[in-house]
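Right, one structure below, let's go through it.
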Amino acid sequence: MSEHKNKQKWAEIATKELRGKPLESLDWDTPEGIKIKPLYTAEDIEGFECVNTLPGIPPYVRGPKATMYTGRPWTIRQYAGFSTAKESNAFYRKNLAAGQKGLSIAFDLATHRGYDSDHPRVVGDIGKAGVAVDSVEDMKILFDQIPLDKMSVSMTMNGAVLPILAGYIVAAEEQGVSQDKLAGTIQNDILKEYLTRNTYIYPPTPSMRIVSDIIEYCSKNMPKYNTVSISGYHMMEAGANSVLQTAFTLADGLEYANAAIKAGLDIDTFAPRLSFFFGIGMNFFMDIAMLRAARFLWHEIISKFNPKNAKSAMLRTHCQTSGWSLTEQDPYNNIIRTTLECMSATLGGTQSLHTNSFDEAVGLPTEFSARIARNTQIVVQEESQICHVVDPMGGSYYVEALTNGIIEEARKIMDEIEKLGGMAKAIESGMPKMRIEESAARKQARIDMGKDVIVGVNKYKLKKEAALDVLEISNTVREEQIAMLEKIKAKRNSKDVEKLLKEITNCAESDGNLLEACVNASRARATVGEISDAMEKVFGRYVATTQCITGAYASEYGDDETIASIQKRTKEFMEKEGRRPRILVTKMGQDGHDRGIKVIATAYADLGFDVDISPMFQTPEEAAKMAVENDVHVVGSSSLAAGHKTLIPQLIEALKNKNAENIKVVVGGVIPPADYEFLYNAGAVGIFGPGTAITESINHVLNAIENVK
Amino acid sequence: MISKDPNCYIKGVLDRSRRILAKTITLIESSLPAHQELARGIINQLLPHTGKAVRLGITGVPGAGKSTFIESFGMFLIEKGHSVAVLAVDPSSTRGGGSILADKTRMEKLSVTPNAFIRPSPSEGTLGGVTRKTRETMLVCEAAGFDVIIVETVGVGQSETTVASMVDFFLVLMIAGAGDELQGIKKGVLEIADALAINKTDGDNIQKARMARKEYETAFHFLRPASLTWSPPVLNCSALKMTGIDEIWETVLEHRKKFFATGEFNTKRKKQSVDWMWSLIKEGLKEKFYKNPEVKKELPAIMEDVRNGSLAPTAAAGRLLSFVN
Ligand code: B12
Ligand SMILES: Nc1nc2c(ncn2[C@@H]2O[C@H](COP(=O)(O)OP(=O)(O)OP(=O)(O)O)[C@@H](O)[C@H]2O)c(=O)[nH]1
Ligand SMILES: [Mg+2]
């Protein structure tokens, strides 16, 4: 087909409307590297393989099912978990009664990292960012009165995947439900943990073996269970744009498929049990196109293995709206953002969805905010009438062209990964993480300079913010968990437990199936921490190597007065003090959110600070030691997982004990406004919540460290 | 807490206070003349308390695994009862001049061990650069009781030669690359090495690393060793899997034993003291030159004249030097 017969005419009129500006001024280069034009016509989608296909039929661009939502709408599956198993169980049951359809369990960070609640490294983490589970006894309480043969349960667990999955299997068994009846999903996507989510325990090689063992075990015993949920969501939240998300996620998927095949499995025995998890952001059409493109590419990738079962190459996905796009400022706007993202995910054809709560940037959802989040989906599903047609965006010139654009750009990155030897090797090289972090630093610069608008943050700001109810998790959860642990340990047959733990260690050394060994130990009441330790003896604990990008923040900002004035200030500081202002940025506790701290590190260095970065997961004592040895002016602790009230006072105390009370402490991250006073009283000299422009925090930090003797 | 009283620092360092040791290093690193003056006084007083530690320099191309090696090697030494100080010079500085110091993320265990002290230093903005600061920092750490001092430096540029000139033993870390093993490594580095270790001898890499070892051994055959007592060995190790670490420490000790026996140890340290003096003189003269008000005033114009050819370089240098007399 040639150009539309009226295209010239359109261009003339459009140019006139632009009053002298050229037509090209309307083009927009997205961060994905895709150029968006102001108008798309039939000629823009000519010859694309992805156009004019049918749902339920390869290449599945328009959906994995022939009827999609016209037959059955997507599953409303809200991710939740907090405090004790008992409290979470009550919350789940209330939600199910109010219209939620599936369960999705959020564990706390101690559990994620394979520590029991009584471990000294997790004092500030118990029950804070998810539910604390130490053993099968907690698991049983968690699913009390929830029939596991009927309820599909999704569990976000990667590091401590073996003891948790084992606990779930045993809890079901003790409910009278056999393994073959279990339906649901375990995330079990370890590769992206090294990349963005940071709840790994062991190094990559043994971790990949764990993934294979689970795939193998489930393909034999749990045919209805999804064994890996290959996740791009976390990459998006860490800063990846939609092309990076697509490419890295599918490359992870390919790596798992290769691993399973290497372990001797047939493609059709496991591929139908691989599912996906994508994140949906504020670029409405882009992410509709992303889901369509991902389905196309996955079909292409898996077809190379010559599957016989059509389901093998069919991408099924869960989606979550972006928490990163939600603001602490003027938080009710978040309901609108989430609604848009919800529409985007469903128009893209997701199989299930989590929608975030409007209080996302201050803490875990309250009962009220969780209700609104759930109702966002219910309203779209039951009132908006979008479910009557399959892939309503199919045939849209723009969406089809975008779909093709993502396919092409993602292929390029996947080729790059292939050249590096696959995703595991690429991760080792640091390439994907650096790409994501660079993307995050650039985004931060665009927001700080007002180029990318965020309502309430850098435009239309409120003079005064209204107070918001925040869910606070009591520190007594830790005590309750410890009491429970003591009880279990007193009652069980410790000889048996020891023997079964030894068997896990032996299995780790040789080549039996680890999940099988863990189920046995879990049945005997071995704890999550003990089972993890039994393997750590052989595998060791993984330590991430931190690589840091520099220059991205300043270069995105370009020549600018604000930047120049800060650089001048840091230079004056140096002339006066004999060295640059020096900051230690640190993450304490098991909090693995490192997007913020990486952005801060890059930007502060670009603006003239010397920035020390601590390893992840520090104790306050360790952070203080490092601050003293490096003799920094200030420690900046980034806390997003609600450990701040425990950890910050301990840090300040530790500095004092080392005669370093004049090393200042500032705090950033998710800090509910109600806690500010507590932290100031404890001695913090600056608190910077979500949305703080870096140019603002840096001036504040300089104020705090100037003229300190 | 920054005091003007040198005794406060001297006492603190000798009492092994971490805080004061760190502060003293800050003084040494400072670009302010007053701080440097103070630091000089402190070091003079501390000198009698130095000299007993094993001084080790480690270099290698970026990514060779220096930091990881120091983590494993350091922990190995700690377990043997040593106390270890690590000085890491980080060359990365950004457009805005600041730098990111991430070394400790690769020394996760060592950095939290009570008997270890790690000080990463930005290399930018240093008058006289790495030389003076690192040497003086090393001495202060010795006075504070550390008995092994490790200096990490990136093997690109000049810093490795200066570091080699202040340590007892200079270890070069290598990795087996594809193709020609000697590419990318300067012959000069081999000449100052007391030992070479091929790191990352693990996993799929073992074969390649063993081959590389052979190739380097051959390369050494063509070099005349700096001492008749010592021909630098080539070793294999894996910082990650902690293999070959003990062998490297034994090599260091053997070198030490031999050099003590022949007296070369003392000769070397004496020579290093003289080197130190000269580098201070050079640095001092340079500083004097740049700080001279007339030089400051005239330099830009004279440089411009040289650039556009209206003034001969010889005449320009003569003129500028005449200001400092
Ligand atoms: C991105 C994100 C993730 C990503 C993290 C990716 C990564 N590598 O960082 C992913 C998807 C992996 C993730 C996972 C989880 N998350 Co999350 N996540 C977020 C989210 C949406 C945004 C955080 C962010 O990166 N923002 C962008 C950065 C740039 O902002 P920032 O860190 O706030 O930093 C800014 C300021 O705070 C300040 N600042 C911060 N630090 C410092 C330091 C200094 C020195 C200075 C000067 C300034 C400063 O300046 C920065 C620039 O403005 C928040 C909600 C939100 N909107 O804040 C939830 C949130 C933090 N997550 C939460 C939870 C619970 C989790 C999980 C634990 C869930 C679970 N049970 O599995 C997991 C596990 C993560 C882990 N290992 O710890 C909760 C924490 C609840 C709480 N505090 O009570 C939050 C608040 C969401 C919620 N309401 O439920 N998450
Ligand atoms: N396989 C393997 N990898 C290693 C070994 N030692 C280090 N590495 C890896 O190599 C990378 C670089 O290691 P570093 O210790 O940071 O190297 P470095 O020489 O200090 O690097 P710079 O400080 O950047 O110059 C990291 O990803 C390490 O995990 C080893 O013995 N074996
Ligand atoms: Mg290093």
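Only this structure's heavy atoms are used, side chains among them; waters, hydrogens and symmetry mates stay out. Below, chains carry the letters A, B, ... as their sequence lines are ordered, and counting in each starts from 1. None of these values were measured; they are calculated from a predicted model.
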**Proximal component of B:T24, with respect to chain A [non-hydrogen, under 4.5 Å]** = neither
**Request:** Taking all non-hydrogen atoms of both residues into account, name the closest pair between B:T26 and A:R579 and its distance.
**Result:** CG2-NE, 3.3 Å
**Asked** Relative to chain B, which of A:I663, A:I613, A:T205, A:N630 shows the most heavy atom pairs under 4.5 Å?
**Response** A:N630
**Prompt:** Under a 4.5 Å cut-off applied to non-hydrogen side-chain atoms, are A:E629 and B:V86 in contact?
**Reply:** no
**Region of B:P114 that comes under 4.5 Å of a non-hydrogen atom in chain A** = backbone
**Message:** Would you compute the distance between atom NE2 of B:H35 and atom CD of A:E577 and round it to the nearest 0.5 angstrom?
**Reply:** 7.5 Å
**Heavy-atom pair of closest approach, residues B:S111 and A:P615** = OG-CG, 4.5 Å
**Asked** Does A:T550 reach the side chain of B:I100, with side-chain heavy atoms less than 4.5 Å apart?
**Response** yes
**Asked** By a 4.5 Å heavy-atom criterion (distance strictly below it), what part of A:E621 contacts chain B: side chain, backbone, both, or neither?
**Response** neither
**Request:** Any chance you could measure B:S121, atom OG, to A:R582, atom CZ, to the nearest 0.5 Å?
**Result:** 6.0 Å
**Fill in**
If one checks every heavy atom of A:K576 against chain B at 4.5 Å, the contacting part turns out to be backbone
**Asked** Between A:E622, A:Q618, A:E661, which residue shows the highest count of heavy-atom pairs closer than 4.5 Å to chain B?
**Response** A:E622
**Request:** Could you tell me which portion of A:L655 (side chain, backbone, both or neither) has an atom closer than 4.5 angstrom to a non-hydrogen atom of chain B?
**Result:** neither
**Message:** Here's a test for you: under side-chain contact (heavy atoms from CB on, under 4.5 Å), which of A:V628, A:D631, A:N659 qualifies with B:R18?
**Reply:** A:V628
**Item:** Region of A:A627 in contact with chain B, defined by heavy-atom distances below 4.5 Å
**Value:** neither
**Message:** Show the nearest heavy-atom pair for residues A:D612 and B:P120, with the distance to one decimal.
**Reply:** OD1-CG, 4.0 Å
**Asked** Can you say whether A:S614 sits under 4.5 Å from chain B via the side chain, the backbone, both, or neither, judging by heavy atoms?
**Response** backbone
**Request:** Measure the NZ-NZ distance between B:K104 and A:K625 for me, rounded to the nearest 0.5 Å.
**Result:** 6.5 Å
**Request:** Mind checking the CE-CG spacing from A:M626 to B:L101? Nearest 0.5 Å is all I need.
**Result:** 8.5 Å
**Request:** Step through the shown structure and confirm whether more than 12 heavy atoms of other residues, nucleotides or ligands are within 6.0 Å of CD on A:E561.
**Result:** no
**A:K658 portion near chain B, given a 4.5 angstrom heavy-atom threshold** = backbone
